[in-house]
Amino acid sequence: MNGIRILLSLSAILAALPLTVCAAPDGRALYVEHCSACHQMEGQSGIGLPLIREKLEDMSDVYLTKTIRHGRPGRVMPAFQRMSDAQVGAVVGFLRESSGTTGRIYSDERLAGNVERGAAVYQEHCVKCHGADGSGEGMGTGVTTSRERSFLIMPASISNSGFLASASDQMMRRVVSVGRKSSGMPGFGRGKLADDELDDVIAYVRSLGEQQATAEKLDAEERPTHVFESPYDFDQTVNNVKAALTGANFRIFPDRMLEQGLIDEFSVNTRQVGIRFCNFNVLYGMLKIEPRLGVVLPCRITVMEQPDGTILLVIPNLRVVSRWFNNDELVGLWDRMEETFTGIIDEVTL
Amino acid sequence: MTRYLSLLMLLLVILSGMSVRADDMLMGRIPMKAEIVLEYVRTSVEEHGYKIAHLQLCDGGMTDFGYKTDFYRVVFFGKVEEVRMISADYPELVSYLPLKIAVIAEKNETLLTVLNPEALKPYFDDERIQIQLGRWRNDLVSIFDDVRRATGKHLVAVD
């Protein structure tokens with residue numbers, strides 16, 4: 001009897017589960033949700049690289065699948081590691097269907113090129129666009145097409161660990177041979193480079209992956225915010241914060257209470273204030289690198305009086321926040337900004 | 001009895017593991033001008049029970065300083081009872097409140113971007129805040145879906 005009851009409960013739970021768990025995943029819906037913001041609906045590119053017929057024809061399903069799984073660490077595209085195999089397969093299926101391509105099949109066999117000779121070939125033909133370290137020359141990774149960037153279509157970061165984990169040597173060789181008309185990359189096949197030179201340059205690109213610098217890993221102890229106790233009372237702490245920010249050349253916006261706008265003005269807790277500040281020169285430079293920064297703007301230090309009279313200063317940990325954007329260009333800048341914030345807090349709590 | 005319960009728990013663990021984990025940033029592209037999309041965002045945010053705290057004009061500030069930029073707004077919103085719960089019990093999280101959605105013009109299209117509250121989950125152990133962060137994430141995804149649907153209908157109506 002108990003068994004039947006349990007089975008009935010189980011059936012009820014299963015019935016309540018979202019249909020998506022059981023139904024075949026909808027590739028188009030998944031593409032709209034996860035990919036279209038960067039690659040656009042027709043794959044025209046934007047923040048992400050173009051996903052057009054010319055490119056998809058050369059890409060294998062294995063490459064697309066691994067690219068979705070690994071992403072491009074530090075280059076905006078996230079790794080979709082928690083998607084089910086069926087969902088990733090559905091996205092790849094949608095790309096195939098919408099582009100009318102079937103994709104090539106490449107062997108996993110490594111090419112036996114010579115790295116030193118490949119370096120010379122790379123310097124002559126590839127460095128101008130892909131950069132000395134293969135990370136893609138120029139500013140603007142992850143920037144929308146309507147904003148300033150070094151290239152309309154950013155050269156692929158061919159030394160990126162996500163790319164190297166996804167692309168087989170044979171696929172890279174094919175792309176180097178035929179080029180990419182859509183992004184202005186010339187083809188180096190048909191006698192332009194000898195067969196062994198093609199193998200050599202692929203071997204060199206593989207070696208670049210081992211040299212690539214990646215953003216410093218965070219300590220396990222790192223928290224998403226810093227919380228400090230002020231030795232001063234609420235008003236003095238607020239004044240100290242503003243004086244320190246002015247000294248550090250930040251423009252201070254009018255105060256906003258944490259609850260302001262969420263409840264009538266007479267009920268707002270006035271002992272929780274966000275001191276908002278900005279340096280427009282720095283901000284403008286950062287938005288060229290990462291247009292999504294608005295989700296953490298403006299910079300803010302929150303001063304809160306706790307019920308026991310303790311005054312807390314709360315600021316976001318920029319080292320943690322910057323890594324959520326998966327944009328290494330931003331990480332370096334924000335790690336330096338974090339030092340500025342630390343200096344301000346030191347001054348305030350002295 | 002214990003065996004059935006163990007089986008049930010195991011099944012639930014397997015099924016929950018099949019769900020898609022969100023990324024640290026949630027993004028959406030809407031094929032419509034940002035000024036119009038902003039209005040749909042505001043409507044959907046309110047329909048989800050949130051109050052708009054204020055609207056930040058990022059482009060306005062930059063233009064004042066002589067920089068050229070496209071339409072760029074940030075919508076701040078929240079529920080006062082949630083803000084009070086967080087400031088009382090999880091003061092470490094106040095930096096991420098109110099919630100905010102960036103509305104960014106890209107030519108005639110609009111990008112919506114938001115920090116996924118679930119990015120904060122690994123930093124907290126207790127179930128209460130895990131549920132809250134998950135709820136915010138679900139609401140944000142639902143707001144994005146609402147805007148997609150609403151703007152889709154609008155496009156059809158215009159055609």
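Residue numbers begin at 1 in each chain, while the letters A, B, ... track the order of the sequences. Quick note: numbers below take in every heavy atom, side chains included, and nothing from hydrogens, waters or symmetry partners.
For A:His70, the side chain to side chain donor-acceptor pair (under 3.5 Å) criterion is met by no residue, not counting sequence neighbours. Judged as a side chain to side chain donor-acceptor pair (under 3.5 Å), and not counting sequence neighbours, A:Gln260 has no contacts.
For the atom pair CE of B:Met25 and CZ of A:Phe325, the computed distance is 4.0 Å after rounding to the nearest 0.5 Å. Summarising the geometry, atom OG belonging to A:Ser36 is positioned 8.0 Å from atom CD1 belonging to B:Ile30; distances are rounded to the nearest 0.5 Å. The line from CG of A:Leu293 to CG of B:Leu115 is 11.0 Å long, rounded to the nearest 0.5 Å. Taking NE2 from A:His39 and CZ from B:Arg29, the interatomic distance works out to 10.5 Å, rounded to the nearest 0.5 Å.
Contact between A:Met304 and B:Pro91 at its shortest, heavy atoms only, is CE-CB, 3.4 Å. When all heavy atoms are compared, the tightest approach of B:Lys100 to A:Gly294 is CD-O, 4.3 Å. Closest of all the heavy-atom pairs between B:Tyr96 and A:Pro224 is OH-O, 2.5 Å.
Residues A:Thr225 and B:Tyr123 fail the side-chain proximity criterion, which asks for heavy atoms closer than 4.5 Å. The side-chain heavy atoms of A:Leu262 and B:Lys79, taken from C-beta on, include no pair separated by under 4.5 Å. Put simply, the side chain of A:His226 does not reach to within 4.5 Å of the side chain of B:Glu92, judged on heavy atoms. A heavy-atom distance below 4.5 Å is found between the side chains of B:Arg84 and A:Ile263.
When the candidates A:Leu312, A:Leu258, A:Thr302, A:Val227 are compared by the number of heavy-atom contacts under 4.5 Å with chain B, A:Leu258 comes out ahead. Between chain A and the options B:Val94, B:Val83, B:Val103, heavy-atom pairs under 4.5 Å are most frequent for B:Val94. Of the residues considered (A:Glu33, A:Arg300, A:Gln306), A:Arg300 shows the highest number of contacts with chain B, using heavy-atom pairs under 4.5 Å. Each of A:Val295, A:Val296, A:Val321, A:Asn326 has some count of heavy-atom pairs under 4.5 Å with chain B, and the biggest count is that of A:Val295. The most heavy-atom pairs under 4.5 Å with chain B, out of A:Pro298, A:Pro307, A:Gly261, come from A:Gly261. In terms of heavy-atom pairs under 4.5 Å with chain A, the best-connected choice from B:Ala102, B:Gly28, B:Ser87 is B:Ser87.
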Show me the donor-acceptor pairs, under 3.5 Å and distance only, between side chains in residues 49-58 of chain B and residues at least two apart or in other chains.
from	atom 1	to	atom 2	distance (Å)
B:Tyr50	OH	B:Asp139	OD2	2.6
B:His54	ND1	A:Arg256	NE	3.2

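Contact annotation for A:Pro78: only side-chain heavy atoms (C-beta onward) come within less than 4.5 Å of a heavy atom of chain B. Residue contact with chain B, scored on non-hydrogen atoms closer than 4.5 Å, involves the backbone and the side chain of A:Val314 alike. Proximity to chain B (any heavy atom under 4.5 Å) is restricted, for A:Glu222, to the backbone atoms N, CA, C and O. For B:Val74, the part lying near chain A is the side chain, with the backbone staying farther off; criterion is any non-hydrogen pair under 4.5 Å. For A:Asp85, no part lies near chain B; criterion is any non-hydrogen pair under 4.5 Å. In this structure, chain B has no heavy atom under 4.5 Å from any part of A:Ile301.
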Worked check of side-chain contact (heavy atoms from CB on, under 4.5 Å) between B:Met27 and A:His34:
CA-CA 8 Å; B:Met27 295 175 69; A:His34 297 293; over 6 Å; no
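Within residues 267-279 of chain A, the residues that have a heavy atom under 4.5 Å from a heavy atom of chain B are A:Ser267, A:Gln272, A:Arg276, listed by number.
In this structure, A:Arg292 fails the cation-pi test against B:Tyr72, since its NZ or CZ atom is not both closer than 6.0 Å to the six-membered ring centre and inside 45 degrees of the ring normal.
Other residues, nucleotides and ligands contribute at most 12 non-hydrogen atoms within 6.0 Å of the CD atom of B:Glu127. Dense packing is recorded around CZ of A:Arg69, with more than 12 heavy atoms of other residues, nucleotides or ligands lying under 6.0 Å away. Within a 6.0 Å sphere centred on CG of B:Asp125, heavy atoms belonging to other residues, nucleotides or ligands number 12 at most.
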